[in-house]
Q: 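For reference, the structure I am asking about is given below.
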Amino acid sequence: MNSPNLVRQHWAALRALLVLTVILGIAYPVFIWLVAQIPGLNDKANGSLIEVDGRLVGSSLIGQSFTDADGNPITRYFQSRPSAAGDGYNPLATSASNLGPESIVDEPDKPSLLTLVCERSAAVGETDGVDGTRPFCTGGGVGAVLSVIGPRDARGNVVHPTRVVSVNEPCATTQTPFLDFYEGVRVECATPGEDYSIGQIVPIRGNASADPAVPADAVTASGSGLDPDISLAYADIQVDRVATARGISPDQVRDVVAAHTDGRYLGFFGEPTVNVLQLNLDLDQKYPAKS
């Protein structure tokens, strides 16, 4: 290939690069930005940010906590769905817990998904004055799981237990496990550091209702960890607490909840949800706390 052809090809390539850079790197992004600033679109394009008296308080698309410095729920506010994103609702660490249905045995410094659900359910029950018990949870708010040790049959099931341990109840926290006896064998509390995987892991359902008063979104984190909404069921069990803290009637609180409830998408996708930040801000404006 001679030099003039090589120069022409490189010059053509350079011109194509410059033209495409102007079109795709400058003109197109500017055009999309201008379209996004059209009234009705600009709010979402700019992050659905919410300001109060000129102060940025959050985004309607990202959840946040409403707790005090010690992590306790502030009673005058509706509480958000739990978050597994970093220290909670961190957009730079958006994630789930990566714990699944088989996560029922606690590890040192790492509770199982079952125990997390039990702890959260018990805490919500205490905060909102409802029954926080759930199937497969102990009264102390951890997973009701036994390691049953003994000879097994051909299917791997223990036929004659010789030892039974409540694996999620360390002896440091309890001397009386949630169950006294299992198949005639006294249940022990767990000794920290001891491995009970040799036993058959048996979750105990207990006598809690199959339809818990505390709904699922109150005890499980969303896939992103940033969910800004809660279910109507979770909002409903918080109404009395918020009303008492603000010195107003539950019906007044329910009216504000209804104003911030979004129905099913297109009328049939998903379930109705309540945006927690918008709800709490509206309550602050209409019924500010007296103390």
Side-chain angles (χ1 to χ4, degrees), residues 71-72 81-84 87-88 95-223 225 234 237:
N72 301 311
R81 185 174 184 177
S83 172
D87 291 331
S95 67
S97 66
N98 294 325
L99 299 176
E102 295 183 355
S103 175
I104 62 175
V105 177
D106 298 348
E107 299 178 9
D109 301 321
K110 185 179 181 182
S112 63
L113 177 61
L114 177 58
T115 286
L116 285 174
V117 167
C118 296
E119 288 177 345
R120 291 165 178 166
S121 190
V124 170
E126 182 178 356
T127 298
D128 292 308
V130 297
D131 183 3
T133 61
R134 307 182 81 82
F136 303 105
C137 294
T138 72
V142 299
V145 181
L146 303 177
S147 175
V148 182
I149 301 170
R152 306 193 184 204
D153 60 18
R155 295 184 177 181
N157 297 317
V158 174
V159 290
H160 298 295
T162 58
R163 188 183 181 197
V164 181
V165 181
S166 177
V167 293
N168 294 333
E169 292 186 297
C171 295
T173 61
T174 182
Q175 296 295 324
T176 56
F178 73 96
L179 197 63
D180 292 330
F181 291 90
Y182 178 81
E183 295 189 6
V185 178
R186 179 172 289 279
V187 178
E188 308 171 22
C189 56
T191 302
E194 190 168 341
D195 184 8
Y196 300 107
S197 60
I198 189 176
Q200 180 181 357
I201 301 301
V202 180
I204 304 298
R205 187 194 181 286
N207 57 7
S209 171
D211 185 20
V214 179
D217 64 307
V219 297
T220 57
S222 64
Y234 189 20
I237 67 173

Q: Short question: side chain of Asp128, backbone of Val130 - any donor-acceptor pair under 3.5 Å?
A: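 Not a single qualifying donor-acceptor pair exists.
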Q: Sub-3.5 Å donor-acceptor pair from the side chain of Asn168 to the main-chain atoms of Ile104, do we have one?
A: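 Pair found, side chain donor or acceptor close to backbone of Ile104.
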Q: To the nearest 0.5 Å, tell me how far Thr115 OG1 sits from Glu119 CD.
A: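 Result: 6.0 Å between the selected atoms.
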Q: Which heavy atom in Ala84 sits nearest to a heavy atom in Ala221, and how many Å separate them?
A: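 Closest approach of Ala84 to Ala221: N-CB, 3.9 Å.
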Q: Can you measure from CG (Leu114) to CG (Asp106) and round to the nearest 0.5 angstrom?
A: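 Taking CG in Leu114 and CG in Asp106, the distance rounds to 8.0 Å.
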Q: Output all residues satisfying salt bridge (Lys or Arg N to Asp or Glu O under 4.0 Å) with Arg163, sequence neighbours left out; order by chain, then residue number.
A: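 With sequence neighbours excluded, Arg163 shows a salt bridge (Lys or Arg N to Asp or Glu O under 4.0 Å) to Glu188, Glu194, given in chain and number order.
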Q: To check you understand the geometry: which heavy-atom pair defines the closest contact between Thr133 and Asp131, and what is its length?
A: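 Residues Thr133 and Asp131, closest heavy atoms: OG1-OD1, 2.8 Å.
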Q: Does any non-hydrogen side-chain atom of Val158 lie less than 4.5 Å from one of Glu183?
A: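 Side-chain contact under 4.5 Å: no.
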Q: Once rounded to the nearest 0.5 Å, what's the spacing between atom CZ of Phe136 and atom CZ of Arg205?
A: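 CZ of Arg205 is found 6.5 Å from CZ of Phe136.
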Q: Less than 4.5 Å apart, side chain to side chain, heavy atoms only: is that true for Ile237 and Val124?
A: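 A side-chain contact under 4.5 Å exists here.
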Q: About how many Å separate CG of Leu113 and SG of Cys118, when rounded to the nearest 0.5 Å?
A: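 So the gap between those two atoms works out to 9.0 Å.
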Q: Are the side chains of Arg152 and Asn157 in contact, using a 4.5 Å heavy-atom criterion?
A: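 Heavy-atom side-chain distance check fails, nothing below 4.5 Å.
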Q: Ignoring hydrogens and geometry, is there a side-chain-to-backbone donor-acceptor pair from Thr162 to Ile149 under 3.5 Å?
A: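 At least one qualifying donor-acceptor pair exists.
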Q: Measuring only between side-chain heavy atoms, which start at C-beta, is Lys110 closer than 4.5 Å to Leu99?
A: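 Yes, close enough: below the 4.5 Å cut-off.
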Q: Is any side-chain heavy atom of Pro135 less than 4.5 Å from a side-chain heavy atom of Pro212?
A: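 SC-SC contact between Pro135 and Pro212 confirmed.
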Q: Which atoms form the tightest heavy-atom contact between Arg81 and Asp217, and what is the distance?
A: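 In terms of heavy atoms, the two residues are closest at CG-O, 3.0 Å.
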Q: Is Thr138 close to Pro177 at the side-chain level, that is, under 4.5 Å between some pair of heavy atoms?
A: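 In short, these two side chains do not touch, never coming nearer than 4.5 Å.
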Q: Which atom names give the shortest non-hydrogen contact between Gly141 and Ala122, and what distance separates them?
A: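 Residues Gly141 and Ala122, closest heavy atoms: CA-CB, 4.4 Å.
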Q: Taking Ser166 for its side chain and Cys189 for its backbone only, find out whether a donor-acceptor pair lies under 3.5 Å.
A: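 No; judged by distance alone, with no hydrogens or angles, the pair does not exist.
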Q: Could you tell me if the side chain of Val187 sits less than 4.5 Å from the side chain of Asp180, heavy atoms only?
A: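 Not touching, per the 4.5 Å side-chain cut-off.
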Q: Measuring only between side-chain heavy atoms, which start at C-beta, is Leu146 closer than 4.5 Å to Tyr196?
A: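 Sidechains of Tyr196 and Leu146: no contact.
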Q: Would you confirm whether Ser121, through its side chain, and Val117, through its main-chain N or O, come within 3.5 Å as a donor-acceptor pair?
A: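 No.
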